[in-house]
Amino acid sequence: MQKGLYKYILLIQRWFGGAGFSFADDPVTETLSQAIRGTGEELDREPDTGVLFGSLRGSVVGLRYYTGVVNKGEMVSLVRQPQNPYDRNAVMVANVYGSQVGHIKRELAVLLANIMDNNLARVEGVVPFGVTNQFTMSVVLSFWGREENRDAVVRQITSRSFKLQSGPTGTHTHTHTLTQLKNAFDNLFENLMDDKIGEREAVEAVCTPLLPHQKQALSWMCACENNAALPHFWEVKGELFYNTLTHSSVRERPRRVRGGILADDMGLGKTLTTIALILSNFHHGKPLCEPVSNLKQFACNTRLCMQNWVVCVCLGGAVLEDLDFAAALSGLTQGAPQKKSKSLVSPVEAASSQSTDDPAARATLIICPLSVLSNWLDQLDQHVRADVKLNVYLYYGSERNRDTHFLSSQHMVLTTYNVLSADYSVSGGASPLHTVRWLRVVLDEGHIIRNPNTQQSKAVLKLNTQRRWILTGTPIQNNLRDLWMLVAFLRLKPFDVREWWNRVIQRPVTQGDKTGLQNLQALVKCVTLRRTKTSRVCGRPLVSLPERSVRIEEVELTQKEREEYELARTEGRTTISRYVAEGTVLRNYADVLAILVRLRQFCCHPGLLGKTTTHTGVVAVTPAELRERLIMKLRLVLGTGSDEECAVCLDSVRLPVITHCAHVYCRPCIAEVIRSEQEQARCPLCRGQIKASELVEFPLEEEEEEESNLLENWRSSSKVEALMSSLLRLRSEDDSIRSLVVSQFTRFLTILEIPLREEGFKFVRLDGTMSQKRRAQVIQEFQSDAPGSPLIMLLSLKAGGVGINLSAASRVFLMDPAWNPAAEDQCVDRCHRLGQKRDVVITKFIVKGSVEENMVKIQRQKQDLVEKAFGTKNPSERKTSRVDEIRALMEL
DNA sequence: ACCGCCGGGTGCC
DNA sequence: ACCGCCGGGTGCC
């Protein structure tokens with residue numbers, strides 16, 4: 001009897017207390033999934049760098065004590081339970097939803113505990129046969145980790161007389177898949193347009209007529225919020241819902257995503273569409289509020305400054321109680337588009353979506369960067385009918401109203417990521433914004449939260465809301481990891497838990513697995529709408545842009561310039577032809593580059609030639625000299641804006657370092673190569689030996705004294721003259737036309753300042769060295785139509801990255817050809833974009849009979865290649881074509 | 001028999 | 001668990 005009682009107590013402990021769980025009111029499963037989330041974060045941070053050591057068969061025991069169910073082939077997670085009172089080595093097995101299935105058998109648990117606790121490997125489980133009896137089942141465990149830990153793991157396993165089945169040993173075709181991956185990535189968000197999307201008119205409260213693509217977006221967004229349909233990777237199997245990616249099933253209908261990612265290009269009207277959504281889709285497709293003509297014009301006049309806005313809106317909230325809100329709730333509002341499309345929503349779906357509605361949730365929270373806060377206010381003012389009473393509260397500034405009832409009773413609350421996360425950290429998670437039950441949270445410029453470790457991201461994840469939206473023009477910036485946070489915010493089950501994202505998506509994709517990529521594409525597609533300015537709706541362009549035309553202006557050098565140029569050219573040809581004959585072009589890449597840069601500089605202006613172009617080919621003696629030379633080369637490669645790409649990541653070089661063989665890479669990229677290959681590490685470009693200790697960084701000091709020298713001994717050049725005469729002609733014809741003057745050489749921009757000043761042009765300058773804040777100022781100044789604002793912007797080719805808007809300019813002068821034609825296109829796109837009213841004319845200055853002409857030829861070839869084959873070339877092919885390029889440039 | 005064998009009770013960590 | 005293990009009952013052929 002006593003024994004029986006004791007067992008009963010034990011059972012209770014096992015259920016609730018035994019694994020360190022508490023009697024807190026959370027359901028056990030929730031606690032478990034939190035436990036899962038909490039573990040393995042260190043290794044999960046780099047899930048894509050692991051290799052498979054092998055796998056072994058083990059067993060899961062104690063099934064009958066737990067409710068977690070699994071299917072044949074289902075993935076399970078393994079969670080250490082160091083606090084387990086029966087065995088400190090305990091390893092719990094849980095299914096995809098975090099429900100416990102059982103434990104790993106004791107003897108095996110000792111091994112796993114050792115491996116897991118020492119971070120030697122990540123252990124992943126799959127149940128090959130599912131549940132075959134009520135007591136135990138098989139599990140296949142696979143071990144993933146860093147190559148350097150392989151031995152230790154194998155030793156651990158064999159010493160405990162388990163047998164490690166070697167996994168597929170395919171030493172991954174890493175570099176090859178990288179190129180493919182990059183292409184797949186670039187296309188990940190393309191072609192997401194679904195022709196089946198209907199159009200939906202905005203409610204009357206929106207006074208701006210929507211463009212067709214905006215009506216589509218509105219229709220899509222409403223459907224995302226109201227349709228109960230599950231993503232296609234769920235299948236209904238009898239009573240159960242089956243996930244075809246993880247092979248898991250649940251009895252309860254998975255909580256679907258009510259929202260998504262609106263990833264339209266900048267300028268397509270994401271803000272307007274979102275405003276229309278907020279007004280149109282309150283509870284279950286009903287509108288939020290409609291024009292109320294008998295109410296006196298309410299203070300929606302936002303042509304006041306922000307401060308006034310706050311005041312007037314606060315007033316509104318207090319004075320007028322929420323008539324429209326009540327009307328909307330009781331369905332009395334007229335003018336709403338009464339659902340003709342009712343048949344689209346099945347009764348079951350309708351019921352299930354209604355049951356999840358929280359009637360207390362009514363406000364939409366908009367979170368955006370401070371810089372676009374005023375844009376929201378402007379757009380509300382512009383697009384919402386003045387007689388519509390909309391309670392909008394700007395939750396910003398030290399006097400902000402933190403009362404949660406007040407906030408809950410708004411229609412919209414606007415705030416910034418900074419305010420949100422500051423509140424969050426101060427209040428320890430119980431901030432006013434975290435207490436309100438929101439109807440909808442919208443993250444504007446949502447890519448801001450792509451790093452899950454930031455306070456902002458954590459704060460955003462903790463918001464309590466029914467519906468979730470991410471607005472962004474750049475859904476992926478450079479890493480697949482960036483996407484996880486978006487998925488997590490949307491709560492796209494089960495991938496909001498890092499392990500399943502890593503196992504099903506991230507690792508397969510980064511290791512070049514085809515189905516992984518398909519799964520990713522499918523996943524993205526089911527929550528994303530993206531159109532670019534070149535997308536088409538029903539065969540017609542989304543928006544029509546003014547024409548753009550390119551003309552090449554040939555520049556003749558003066559006799560003196562020609563002589564200097566030819567001298568340098570002959571010298572360079574001798575050196576390079578020697579390298580070509582020796583087959584050492586790549587080994588001497590920096591020298592070759594220096595020669596080419598020098599020639600290109602001659603084409604622009606002799607003043608561009610710094611002291612850095614001397615003594616090529618001289619063997620350095622002392623380490624200090626070598627270092628000095630390497631830094632000079634690095635400066636050449638980078639400072640001239642030749643837009644080098646890193647041969648490891650194939651992206652523009654970030655955090656540049658130069659190897660002793662004078663090749664430039666991103667520091668993290670090359671460090672990874674050295675780390676994984678250890679002593680055998682070789683330069684990916686020339687296969688020369690490389691060491692971590694020999695990587696040279698760019699020193700931060702910059703020489704300024706030369707600048708003055710440049711100005712004192714001023715002389716012009718043919719290209720400068722060509723530009724100046726174009727600009728002067730333009731000004732005399734139409735002094736309202738603004739121009740971008742673009743060069744890869746920032747020094748050239750400095751040189752150009754002199755004649756511009758002399759001729760009395762007002763200009764601004766934007767280059768890569770400027771702070772983010774200063775850039776924004778300059779752009780604003782240039783874009784402003786105030787009298788006396790600058791006519792010209794001097795722009796360095798690489799400055800600003802994508803996304804900046806220079807639509808005030810309609811003329812572009814490309815002073816020197818770029819290696820990469822895409823860089824030029826991108827630059828031109830900064831003014832040839834939405835908002836451009838005039839036709840855009842692009843002038844490329846090319847010096848006749850020079851290296852520049854050859855560069856243009858190569859550019860054309862590259863363009864052809866891209867158009868033909870989408871350019872899936874691996875680095876070795878790239879190398880050969882690079883040599884060919886150099887030979888073509890030097891006419892060798 | 002300080003064994004073997006039988007068969008019931010029992011069962012994660 | 002249609003197992004293994006434990007421990008009590010039992011005991012020539």
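Letters go in sequence order (proteins before strands), and every chain restarts at 1.
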Counterpart base for C:dC2, defined by Watson-Crick or G-U wobble contacts under 3.5 Å: none
How far does the [atom1] atom of [N] sit from the matching atom of [M], given to the nearest Å?
N	M	atom1	answer
B:dC5	B:dA1	C1'	12 Å
B:dC2	C:dC13	C1'	25 Å
B:dG4	B:dG8	P	23 Å

According to salt bridge (charged side-chain N to carboxylate O under 4.0 Å, His left out), does anything in residues 416-428 of chain A pair up with another residue at least two apart or in another chain? List the pairs. A:Arg400-A:Asp423
Check whether more than 12 heavy atoms from other residues, nucleotides or ligands sit under 6.0 Å from atom CD of A:Glu239, and answer yes or no. no
Heavy atoms under 4.0 Å, any strand shown: does A:Leu63 hit a base, just sugar-phosphate, or nothing? nothing
In terms of the angle between their ring planes, are A:Tyr66 and A:His103 parallel, tilted or perpendicular, with boundaries placed at 30° and 60°? perpendicular
Classify the angle between the aromatic ring planes of A:Phe233 and A:Phe495 as parallel (below 30°), tilted (30 to 60°) or perpendicular (above 60°). perpendicular
Given atom [atom1] of [X] and atom [atom2] of [N], what is their separation to the nearest angstrom?
X	N	atom1	atom2	result
A:Asn133	B:dC12	CG	C1'	13 Å
A:Met137	B:dC12	CE	P	15 Å
A:Leu78	B:dC13	CG	C1'	14 Å
A:Tyr66	B:dC13	OH	C1'	6 Å
A:Lys105	C:dA1	NZ	C1'	12 Å
A:Leu112	B:dC13	CG	C1'	13 Å
A:Met92	B:dC12	CE	P	17 Å
A:Ile104	B:dC12	CD1	C1'	11 Å

Base B:dC13 to side chain A:Asp87, donor-acceptor N/O within 3.5 Å cut-off: no
Go through the N and O atoms of the side chain of A:Tyr65 and the base of B:dC13, and report whether any donor-acceptor pair is under 3.5 Å. no
Side chains of residues 456-464 of chain A: which donor-acceptor pairs under 3.5 Å do they make with residues two or more places apart or in other chains?
unit_1, atom_1, unit_2, atom_2, d
A:Gln456, NE2, A:Asn418, OD1, 3.2
A:Ser457, OG, A:Ile449, O, 3.2
A:Ser457, OG, A:Asn451, O, 2.7
A:Ser457, OG, A:Thr454, OG1, 2.8

Pi stacking test for A:Phe135 and B:dG11: under 5.5 Å apart, planes under 30°: no
